[in-house]
Amino acid sequence: MEARYNFKEIEPKWQRRWEAGELYRVTETDSKPKYYCLEMFPYPSGNLHMGHVRNYSIGDVVARFKRMQGYNVLHPMGWDAFGLPAENAAIHRGIPPAEWTWSNINNMRRQLHAMGISYDWEREVATCHLNYYRWTQWLFLQMYHHGLAYRKKAAVNWCPSCATVLANEQVVDGACERCHTDVVPKDLEQWFFRITDYADRLLADLQLLPGWPEKVKIMQDNWIGKSSGAEVVFRLEGSGAEIPVFTTRPDTLYGVTYMVLAPEHPLVAQLAAGTPCEEAVADFVRAARHLSALDRTATEKEKEGVFTGAYAINPVNSERVPVWIANYVLMEYGTGAVMGVPAHDQRDLEFARKYNLPVRVVIQPPGEELDGNTMSAAYVNDGVMVNSGPFNGVPNREGIARVTAHLEVSGTGKARVTYRLRDWLISRQRYWGAPIPMIYCDRCGIVPVPEEDLPVILPEGVEFKPTGESPLTYCPDFVHTTCPCCGNPARRETDTMDTFVCSSWYFLRYTSPHSQEQAFERDKVDYWMNVDQYIGGVEHAILHLMYARFFTKALYDFGLVGIEEPFQNLLTQGMVLKEGSKMSKSKGNVVSPEEIIERYGADTARLFILFAAPPERDLEWSDQGVEGCYRFLNRVWRLVAAYADAVRRDSAPLAVTTHTERELWRLLHITIKRVTEDIEQRFNFNTAISAIMELVNGCYRYQDTVPAGEQNLPLMGTVLKKMVTLLAPFAPHIAEELWQGLGGRESVHLETWPGYDPQALATPEVTLVVQINGKVRDRMQLPAGLPPAEVERLVLQRDKVVDMLAGQQVVKVIVVPDKLVNVVARKKCI
RNA sequence: GCGAGAGUGGCGGAAUCGGCAGACGCCCGAGACUUAAAAUCUCGUGGACCUUUGGUCCGUGCGGGUUCAAGUCCCGCCUCUCGCACCA
C-alpha cells in the first residue's frame, strides 16, 4: 500500500469500478428482504449545494448499511426537472429550457458520481422526459376519470412576478413561496385536484405513520385543519334567502346578536341594494378587495365592518339580527358567513364593542355571574346554558349535540365538519411543465385527450412572452387540434401542471423506470413499496409530502397500487448553516461542495457532514471541522498502511491472550455494537463515527504500547478489517482501498456487516464508583459480577471509605451492579 | 395568541432506561521529531479555591420540588428556532 492517502486517485478509480461492476444495480428477488431507501430528488439547479450533500450522504449511509446487512436495497436517483428557473433562464439568457435543464442534470449527475453515492443509475428518471411526463399526463386522466380533477372558476392566488397561479400550499404569509412577491387574488378558471375528498383519510392515516417525526404530522394535521360543528341556516328577512353559517359552537346559538358576511360573499351586493347603506357597503367591499392577502389576514388588524341594512332571522328563536360585512370573515373558510356571538367569542366581542352591538351571555360559568354589558373578555370555556329557551340549564358540552339535533329536526341546520384544506390548484400559466392533456371543443365541451394519444408533447422553439398566459397559448401548432369526439377543430389546454404533480408519484416510477406500457408495473410496485426510509428537508412537510400521500391514496382507490401510504419512515434533515444562518448567495456564506471535494475528497466531505451534528438538527459548517475529518482519514490510512503488508501475508490463527490484547478485542466489539445501534436505531451517525475514531485511537494505543515484535498480527488484522467495514458506509472510497490493502478480494461494500460477540463485551474487572451521600469519593477495581452484598461489604471495609465515614452512621447503601455504590450516612446522634 | 422543538466548556456536540457531566472532534497551550517549518506523535485543556503529591467547592437557561442519586422526572418561569395564526 502507498504510504500516503491519495484521495484524488482512489476516489475516481473506485467510482469507475463500482459503475463498471454494476455494484449497486438491483432487481427483484425473493432471496433477500427488500429495502427501499429514498432521498428527495433534487431540482436540477445546476450545482449540488451542501443541503444536497447532507441529504444524499445520510441516504447513502442507510443504503450501504442495509445492503451490508443483507437487504436487497433499492436506492435510486432522478430529477424533479420541470419548473420555473429553466423558463426564466430562457427568458433572460435565451437558452431553451430543455437545453438548460439537461445540461444542469449532466453537471449534477457528475457531481453526484463524484460523491460516490451508491445509486442504481440504471433507474434514473427525469420528470421533464417524455417517457416520464406522458405518465404524469396519464395519471391526470385517471384523476379526471375518477372525478378527482375538475375545472372551476375561483379566486386564486396569482404571483405577478412568476406570472402564474399558485396552490394554497405555495403561499407563505401571503407571498409566493418561491420569490416572496405578494400574491394577489385573481378570478380564473383553473384545474384542481379534489384533495379535500381525502382530507379525512389524510388526517386519520397519520396514525399509520409512527416512523414519521411528530412535528411533520402535527404540521399536516394543522394544515388539514379539521373542525367539527354545525351548519346553521339563517334566513333573510323579506326575501327569505338562505345564509348558512358554520359554527363550532351551536350551544351559543341563542347568543347571536348579529351576523357577518365576508366582503366577497355572493349575497353582499343584493343585500344592500336599495338601502341607505348601499354606497358604504360598496366602498367597504372595494377597499377589502384591494388589500393584499397578507394585510387581509394580519391578526393585529383591527376588525372593521359595515352594516348592510338587511336583517336575518335566527332559526332557533326567530330573533331578528342585523347582517354586517366585516374584514375578519374569510370567504374561503366555512360558508363565508359567521354568526356573531360576542359574549363567547373574542373576535365577535371586539367587533360588537366597536359597533355597539348587544352582548348576550348564554353560557354561564360555574360560580360566577357574567354581565354582557361589562365583560371585557369573551367567555369561551364550559358552563351551563342560559337565555337559551328550552336548553336552559343544559351543560354546554351536552348542548352542542342537543342544539344540533334540534336544528336537524327543524330542518334549519345539520352537523357539519369543515376543513382548512383547499382543493389543490394544479394549473400553471407557464411553459416548462407537463401539459394538461385536455381539449376544448365548441361542440363537445371539455374532452380528455384519449390515452392512446398521449403524450401531449411539449413543443420546442416556443416564444416566451411574459403575458400572464402560458406561452403555449401563442403556439398555434400546439393549440390547434381536433376534437377526439367529433373530429372538429378544437383547442388544447395550454396550462401546464404544477411540478408537485410530477413529484407526487416518482417513487413509484423508480420501481419500473423503463416501462413503455405503464406508469409503473404493479408487481414491481408490490415488491418494492413502501419506501422504507425517506429522507429530505422539512420544508416539504406539507407540500410534497401531503401531495404524495394524496396521490398514493387516490391510486390505491383506482386499484393501481396496493398501499395507502407511500413513506413508511421519514427522516427530516436539518439545514446546513454557516455563521449561524442558512447558506445563501445573497448572504455570501455559501460553501461549494465541489471545492470541498476537490480539496479534501468526497469521503472527507461526507464524513464531516455526518459527524458534525445528528441528521435532524441544523448543522454549522466548520472549515476546521472538515480539516479534522481529513486528518482522521489520514490517520486511518497510516494505521492500515503500517500493517497492510504484514496482515496480507499473515496466516496465523487468531488468538487473544494478553490483557492488552483482550482490551483491544473488547474495544472492537464495543465499537461494532455502538456503530450498529447508532445507525440502525437512532440515525446518530455523529456518534457512530466518534465510536470508530475511538477504535482507531485504541489501535494506535496498542501500537504504541506493545513493542513491534510482540504485536499480535492476526488480532490487528482482524480489528483493522472490521474497522474498515464499519467505516465503509460513511467513507466508501477509502474503505474500499484499505480493504483491498488488507487483502480483501471482493468489494468491501459486498461484505456482511460485522456482528459483535456479547461475550467479548464482558470484562473481568470493573471500575466501581464509590459515592458518599451522592458525591463521588473513590473508585475501586473489582471483579465483575460480584453480588451486591459482597460489593457493599468490600466498599465499607475500604480504608478511605472508613476514614470518610468517621463519626457518621451508615443509613443505607445503594448498589448499582458493576457501576456504582452510594453510601448514605449521617452524623451519629450521641 | 396556539402548537412543536431546543437551551450543556472557547466552539460543534456526547451522556441511549434516573447512576462518574463534558465522549469524539475543533480551537488553544506545552513537549517530542526537525537546521527550520509543515506534517506527525505525546501530554494538557469547564470554573473557582487550597499547603503540595493531591484535595475541596461550584457547574447542564432561571426558580422550586421528587429521589440515596436529576442534564435526564414533576411544577413554575425566561430565551431562541420552527410551524400555524381573525379558521367562526
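Quick note on labels: first sequence line is chain A, next is B, and so on, each numbered from 1. As the structure is a computational prediction, the values presented were derived from the model and not from experiment.
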- Item | rC57(B), syn or anti by chi within 90 degrees of zero | anti

- Classify the glycosidic conformation of rG5(B) as syn or anti, calling it syn when the angle lies within 90° of 0.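 Anti.
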
- Let me see the working for Ser227(A) and Tyr333(A) under side-chain hydrogen bond (donor to acceptor under 3.5 Å, both in side chains), right down to the final yes or no. CA-CA 11 Å; Ser227(A) 99; Tyr333(A) 185 78; 3.1 Å; yes

[X] side chain, from C-beta outward: closest of [options]:
X: Ser690(A); options: rA23(B), rG25(B), rU40(B); value: rA23(B)
X: Gln624(A); options: rC84(B), rC26(B), rG13(B); value: rC26(B)
X: Val776(A); options: rG25(B), rA21(B), rG55(B); value: rA21(B)
X: Val769(A); options: rU56(B), rG13(B), rC20(B); value: rC20(B)
X: Asn327(A); options: rA88(B), rC86(B), rG13(B); value: rC86(B)
X: Arg638(A); options: rA14(B), rC41(B), rA88(B); value: rC41(B)
X: Ala613(A); options: rG13(B), rA14(B), rA4(B); value: rG13(B)
X: Leu820(A); options: rA4(B), rU16(B), rG19(B); value: rG19(B)
X: Thr248(A); options: rC87(B), rA88(B), rC68(B); value: rA88(B)
X: Arg631(A); options: rA88(B), rC27(B), rG19(B); value: rC27(B)

Under 4.0 Å between any heavy atoms, over every strand shown, what does [X] touch: base, sugar-phosphate, or nothing? Just pick one.
X: Asp345(A); result: nothing
X: Val338(A); result: base
X: Gly225(A); result: nothing
X: Ile814(A); result: base
X: Ser227(A); result: sugar-phosphate
X: Arg635(A); result: sugar-phosphate
X: Asp704(A); result: sugar-phosphate
X: Asn684(A); result: nothing
X: Lys226(A); result: nothing
X: Asp348(A); result: nothing
X: Arg701(A); result: nothing
X: Glu350(A); result: nothing

- Query: Charged N to carboxylate O below 4.0 Å: is that the case for Arg701(A) and Glu663(A)?
  - Reply: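 No, no charged N to carboxylate O under 4.0 Å.
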
- Message: Check this for me, if you would: do Lys217(A) and Glu214(A) make a salt bridge, where the nitrogen-to-carboxylate-oxygen distance has to be below 4.0 angstrom?
- Response: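 Answer for the salt bridge query: yes.
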
Pair partner, [N] [Watson-Crick or wobble, under 3.5 Å]:
N: rC24(B); value: rG12(B)
N: rA4(B); value: rU81(B)
N: rA32(B); value: rU40(B)
N: rU56(B); value: rA48(B)
N: rC68(B); value: rG19(B)

Taking [Y]'s backbone N and O only, do any of them form a donor-acceptor pair with [X]'s side chain (distance below 3.5 Å, no angle check)?
X: Asp423(A); Y: Ile195(A); answer: yes
X: Asn157(A); Y: Val183(A); answer: no
X: Ser388(A); Y: Tyr254(A); answer: no
X: Asn314(A); Y: Val316(A); answer: yes

- Message: For Ala612(A) and Arg777(A), find the nucleotide of RNA chain B closest to each by heavy atoms; which residue's nucleotide sits nearer the 5' end?
- Response: Ala612(A)

- Between Glu694(A) and Tyr700(A), name the one whose nearest nucleotide on RNA chain B is closer to the 5' end. Glu694(A)

- Query: In the 5'-to-3' direction, what one-character label does each nucleotide of nucleotides 6-11 of chain B receive under the scheme B = base within less than 4.0 Å of a protein heavy atom, S = sugar-phosphate only, - = no such atom?
  - Reply: ------

- Rounded C1' spacing from rG46(B) to rG13(B) in Å: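 The answer is 15 Å between these two C1' atoms.
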
- When you compare rU45(B) with rG25(B), how far apart are their C1' atoms, in angstrom units rounded to a whole number? 14 Å

- Query: side-chain contact (heavy atoms from CB on, under 4.5 Å) between Thr412(A) and Val232(A): does it pass, once the steps are laid out?
  - Reply: CA-CA 6 Å; Thr412(A) 50; Val232(A) 185; 5.8 Å; no

- Interatomic distance where CE belongs to Met804(A) and C1' belongs to rU56(B) [whole Å]: 10 Å

- Is the NZ or CZ atom of Arg4(A) positioned over Trp637(A)'s six-membered ring, under 6.0 angstrom from the centre and within 45° of the axis?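 Arg4(A) over Trp637(A) ring: no.
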
- Query: For rA4(B), does OP1 or OP2 lie under 4.0 Å from any side-chain N or O of Asn222(A)?
  - Reply: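 For rA4(B), neither OP1 nor OP2 has a side-chain N or O of Asn222(A) closer than 4.0 Å.
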
- Message: For the NZ atom on Lys354(A), are there more than 12 heavy atoms of other groups (residues, nucleotides or ligands in this structure) within a distance under 6.0 Å?
- Response: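 Above 12, so yes.
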
- Considering only heavy atoms and no angle criterion, is a donor-acceptor pair shorter than 3.5 Å present between the side chain of Lys303(A) and the base of rC86(B)? yes

